[in-house]
Amino acid sequence: IKLWDGDEYKGTRFYGPYIEQNASLPVISCTQRTDSSVFGTTLTLSAFTDFLFEQYVSPSGYSFVFNSQGNLIAHPREPSVTVAKRGKNQEIWFLPMEQSTRAEVQATGEAFNQKSKTLFFEHHMLQVEEHQFILRVTPIDHFGIQLFLAVVAPASDFSGGFSQLQKKSTIAAIIAIIAALVISLILARQMSNSLFMLSQSARRVQSLDFSEGPELKSVFLEIDTLIR
């Protein structure tokens with residue numbers, strides 16, 4: 001690896017992805033230059049993928065990395081990098097986003113090709129078949145490397161709680177309406193019985209029948225007062 005060209009680069013510089021010859025693994029290197037020395041570290045793409053897998057986005061959301069050619073560099077849910085031999089040399093093959101088995105990755109690739117730089121640093125809605133996804137793309141543009149970090153999650157991950165609350169509220173309202181109807185029917189029947197007994201008592205008085213009749217009572221104060 002050509003670390004430095006004179007004093008052209010100072011500070012932090014990234015390289016790769018490339019194949020580390022001793023381990024025959026795809027890696028990314030990072031070097032840090034100071035006034036008197038150079039420090040470096042190497043990270044395998046598999047370790048980088050594991051790191052992405054551990055990052056919690058939402059119940060069904062995740063993040064992945066792709067390059068400016070539209071190839072997947074690291075994806076936590078599907079193999080994206082293959083090391084193949086061609087003669088004496090080894091080459092890295094990256095999975096093109098349009099060949100991904102995940103529809104949201106394909107849609108991200110299409111959005112990247114169409115919107116390019118306008119896709120960065122903002123949330124966008126992706127329509128994938130019958131589902132909506134929230135997408136945010138951030139460039140990882142450091143000296144020597146240009147990659148893009150995509151975070152994608154189903155919109156239902158964020159609206160699901162509201163939908164469940166709305167569903168519970170609807171069920172509670174239906175139960176309350178049914179209970180109110182039952183109570184109103186009971187009260188209406190009691191009132192009609194009381195009025196019927198009162199009308200019978202009035203007919204006896206009208207026909208000059210002052211004999212003692214059955215005791216009349218009503219749960220309704222107004223009707224009970226009229227009876228007495």
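Bear in mind that the values here come from a model prediction, so they are computed numbers and not experimental data.
Side-chain contact between Ser80 and Ile73 is absent, with no heavy-atom pair separated by less than 4.5 Å. Under the 4.5 Å side-chain criterion, counting only non-hydrogen atoms from C-beta, Tyr18 is not in contact with Pro26. In this structure the side chain of Leu72 never reaches within 4.5 angstrom of the side chain of Val65, judged on heavy atoms. The side-chain heavy atoms of Val152 and Phe64, taken from C-beta on, include a pair separated by under 4.5 Å.
Taking all atoms of both residues into account, the shortest heavy-atom contact from Ala153 to Ser58 is CB-OG, 3.4 Å. Here the closest heavy-atom approach between residue Phe48 and residue Ala74 is recorded as CD2-CB, 4.0 Å. Contact between Pro79 and Leu95 at its shortest, heavy atoms only, is O-CD2, 3.7 Å.
In the hydrophobic clustering of this structure, Phe53 does not group with Leu147; members are Ile, Leu, Val, Met, Phe, Trp, Tyr whose side-chain heavy atoms approach within less than 4.5 Å, directly or through other members.
Residue Glu122 holds its CD atom at 11.0 Å from CZ of Phe120, rounded to the nearest 0.5 Å. Within the model, atoms CD of Glu91 and CD1 of Ile19 stand 7.5 Å from one another, a figure rounded to the nearest 0.5 Å.
For Gln69, the side chain to side chain contact (heavy atoms under 4.5 Å, CB included) criterion is met by Asn67, Asn71, not counting sequence neighbours. For Thr42, the side chain to side chain donor-acceptor pair (under 3.5 Å) test picks out Ser29, with sequence neighbours left out. Residues passing the salt bridge (charged side-chain N to carboxylate O under 4.0 Å, His left out) test with Glu98: none are found, sequence neighbours excluded. Take Ile175 and apply the side chain to side chain contact (heavy atoms under 4.5 Å, CB included) test, not counting sequence neighbours, and it matches Ile171. Under the side chain to side chain contact (heavy atoms under 4.5 Å, CB included) criterion, Ser60 pairs with Pro154, Asp157, not counting sequence neighbours.
If you look at Phe94 and Phe66, their ring centroids are not closer than 6.0 Å.
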Throw together a table of side-chain donor-acceptor distances under 3.5 angstrom for residues 128-136, partners on residues two or more places apart or in other chains.
| residue | atom | partner | partner atom | Å |
| --- | --- | --- | --- | --- |
| Gln132 | NE2 | Gln127 | OE1 | 3.4 |
| Arg136 | NH1 | Phe121 | O | 3.1 |
| Arg136 | NH2 | Phe121 | O | 3.3 |

Please set out all donor-acceptor pairs under 3.5 angstrom arising from side-chain atoms of residues 101-109, sequence neighbours excluded.
| residue | atom | partner | partner atom | Å |
| --- | --- | --- | --- | --- |
| Thr101 | OG1 | Glu78 | OE1 | 2.8 |
| Arg102 | NE | Tyr62 | OH | 3.2 |
| Arg102 | NE | Glu104 | OE2 | 2.8 |
| Arg102 | NH2 | Glu104 | OE2 | 3.4 |
| Glu104 | OE2 | Tyr62 | OH | 2.7 |
| Gln106 | NE2 | Ser100 | O | 2.6 |
| Thr108 | OG1 | Glu104 | O | 2.7 |

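Remark: of the listed residues Leu25, Val27, Ile28, Ile28 is the sole one forming a side-chain contact (heavy atoms from CB on, under 4.5 Å) with Leu45.
The stretch residues 45-56 participates, sequence neighbours left out, in these side chain to side chain donor-acceptor pair (under 3.5 Å) pairs: Thr44-Ser46.
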